[in-house]
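In what follows, a structure is listed as structure tokens, so that the remarks can point back to it.
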Amino acid sequence: MVEFIEIEEKFFKLLQLAIGSTNGNDLIILDDEWYLLYQEASNQSLLGVTLCAADKLSEVGQKPPMDLLLQWIGEGEFIRNRNRIVDEHCKQLTDWLKNKDCKSCVLKGQGVARLYPQPDYRQAGDIDIWGDAERDEIVKWMRSDFINVTYIDYVNCHSTFFTDTEVEVHFRPTWMFNPFTNRKVQKWIRENKDAQMANYDEEVGFSCPTIGFNLVFSLIHIYRHVFFEGIGLRQLMDYYFILTHSTKEERTEALATLQSFGLAKFAETVMYIMRRVFNMDESLLLCVPNKDEGEFLLSEIMRGGNFGHYDDRNKYVSDEKRFLRGVNNAKRNIRFLRRYPSEVLWMPFWKVWHWGWRKWKGYL
């Protein structure tokens, strides 16, 4: 346990060096430790970012073992090439929707990557693009263009635009299980939609959310994943860079919005991770950190890795067996009941409603 804690602390220092929140002068890494740090970076989908830190340490004589360094450099080059491909796909999707006279906005990954000092080193995932049109209209466009639609739900549809990149076309960016809170969230989304669609980045050729929107939306996104497979440090690092690009006024307004959604305590939880893991300046935090809640969430993150893939408590069931996946997910969320009772208790009711809604719409 002592060794694990020491490696964990060094991993946090490595992340801080990568993002520039510390100079790394007190970071000493032994040869054997480099392999453990590399594995943790892999688990958290942060290999590209931590490669930047490894480069900085190499300049002062702390170089990873050569075999590991070559492997790391290879991963970094793959990540950079992958980002170029996914960015191009985002532009292609934006143009496809534009040809349908539909505005759009790329959510999460590729949009947030623009905030990183070296965007190409953020590991890309799938593409989430938000289209400014009705659900049935978007689905009809895809099917008329012979694009396979594999799954449709309340928030988005999964589709096969590309053979090498998963695409989720969103009808709404996010939601909450509590129907009363969800009504507030959807109202806030509608009120802020036009500004997101108009926030076009000429360099990459697609729109992405404004900082003010992302301060709220991205925290809800993190919250959502806590109740599904889990959340990793890649998403928390995204939030770090959103905060670093925000103004005091934007943070004040975002916190008031999050409080109205019942997410004040979760905001305090995430702020603890911003300080503990990323050494964020206190002046940039949304609110005072909550250590007890933050330590609990951080332990979940470190145990599960990116999206909980490495958590041995999670029982994964194939997508075809969605009922069993739901049962396992409900069992998993019992450990969050005391901390987030509203969402945990509303979840089974929402899932039953959602199944009936999809059945009625003909999406099953």
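We number each residue from 1, following the sequence as shown.
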(request) Applying salt bridge (Lys or Arg N to Asp or Glu O under 4.0 Å), run through E77 and R80 and close with a yes or a no. (result) CA-CA 5 Å; E77 193 59 29; R80 293 179 66 196; 3.6 Å; yes

Side chains of [X] and [Y]: do they bring a donor and an acceptor to under 3.5 Å?
X	Y	answer
Q186	N182	yes
N83	Q123	no
Q196	S207	no
D238	Y116	yes

Linking I/L/V/M/F/W/Y whenever any side-chain heavy atoms sit under 4.5 Å apart, do [X] and [Y] land together?
X	Y	value
V288	Y272	no
F227	I231	yes
W346	F261	yes
L93	I85	no

Rounded at 0.5 Å granularity, tell me how far [atom1] in [X] sits from [atom2] in [Y].
X	Y	atom1	atom2	value
F336	M347	CZ	CE	9.0 Å
Y239	H221	OH	NE2	12.5 Å
M197	C102	CE	SG	7.0 Å
C52	Y121	SG	OH	6.0 Å
T174	L107	OG1	CG	9.5 Å
R251	I242	CZ	CD1	13.0 Å

(request) Take the angle between the ring planes of F162 and H89 and call it parallel below 30°, perpendicular above 60°, tilted in between. (result)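 The rings of F162 and H89 lie parallel, inter-plane angle below 30°.
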
(request) Kindly confirm or rule out a cation-pi arrangement of K265 over Y340, judged by NZ or CZ under 6.0 Å from the six-membered ring centre and within 45° of its axis? (result)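 The answer is yes; both the distance and angle limits are met.
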
(request) Validate the cation-pi geometry between R224 and F177: distance from NZ or CZ to the six-membered ring centre under 6.0 Å, angle to the ring axis within 45°. (result) yes

Search all heavy atoms of [X] against all heavy atoms of [Y] and return the closest pair with its distance.
X	Y	answer
G125	T165	O-CG2, 4.4 Å
A124	R82	CB-CG, 4.4 Å
R135	D153	NE-O, 3.7 Å
E343	N178	OE2-N, 3.0 Å
L258	L286	CD1-CD1, 3.9 Å
P209	F213	CB-CD2, 3.8 Å

Indicate yes or no: does [X] engage [Y] in a salt bridge with an N to O separation below 4.0 Å.
X	Y	result
K187	E191	yes
D95	K91	yes
D145	K100	yes

(request) Please confirm whether W357 and Y363 have ring centers closer than 6.0 angstrom. (result)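 Yes - the distance between ring centres of W357 and Y363 falls below the 6.0 Å cut-off.
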
(message) Centroid separation under 6.0 Å, is that true for the rings of W188 and F217?
(response) no

(request) Begin with the C-alpha distance, continue with both residues' side-chain angles, and end with the deciding distance and a verdict on salt bridge (Lys or Arg N to Asp or Glu O under 4.0 Å) for K13 and E9. (result) CA-CA 6 Å; K13 288 283 188 182; E9 291 297 328; over 6 Å; no

Neighbour count above 12 (heavy atom, 6.0 Å) for [X] [atom1]:
X	atom1	result
K140	NZ	no
N23	CG	yes
K63	NZ	no
F78	CZ	no

(request) Given side-chain contact (heavy atoms from CB on, under 4.5 Å), test M176 with W350 step by step and report yes or no. (result) CA-CA 9 Å; M176 300 285 274; W350 187 89; over 6 Å; no

Any side-chain heavy atom of [X] sitting closer than 4.5 Å to one from [Y]?
X	Y	value
I73	L69	yes
L14	T50	yes
W96	Q92	no

(request) Let me know which of L233, L297, V277, N43 forms a side chain to side chain contact (heavy atoms under 4.5 Å, CB included) with M302. (result)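 Per the side chain to side chain contact (heavy atoms under 4.5 Å, CB included) rule, the option paired with M302 is L233, out of L233, L297, V277, N43.
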
(request) Using salt bridge (Lys or Arg N to Asp or Glu O under 4.0 Å) as the criterion, point out the one residue from R190, K193, K103 that pairs with D132. (result) K193

(request) Quick one: do E295 and R276 satisfy salt bridge (Lys or Arg N to Asp or Glu O under 4.0 Å)? Show the steps, please. (result) CA-CA 9 Å; E295 287 287 359; R276 174 80 170 77; 3.8 Å; yes

(request) List the steps, then state whether side-chain contact (heavy atoms from CB on, under 4.5 Å) holds for F206 with I127. (result) CA-CA 12 Å; F206 55 81; I127 296 174; over 6 Å; no

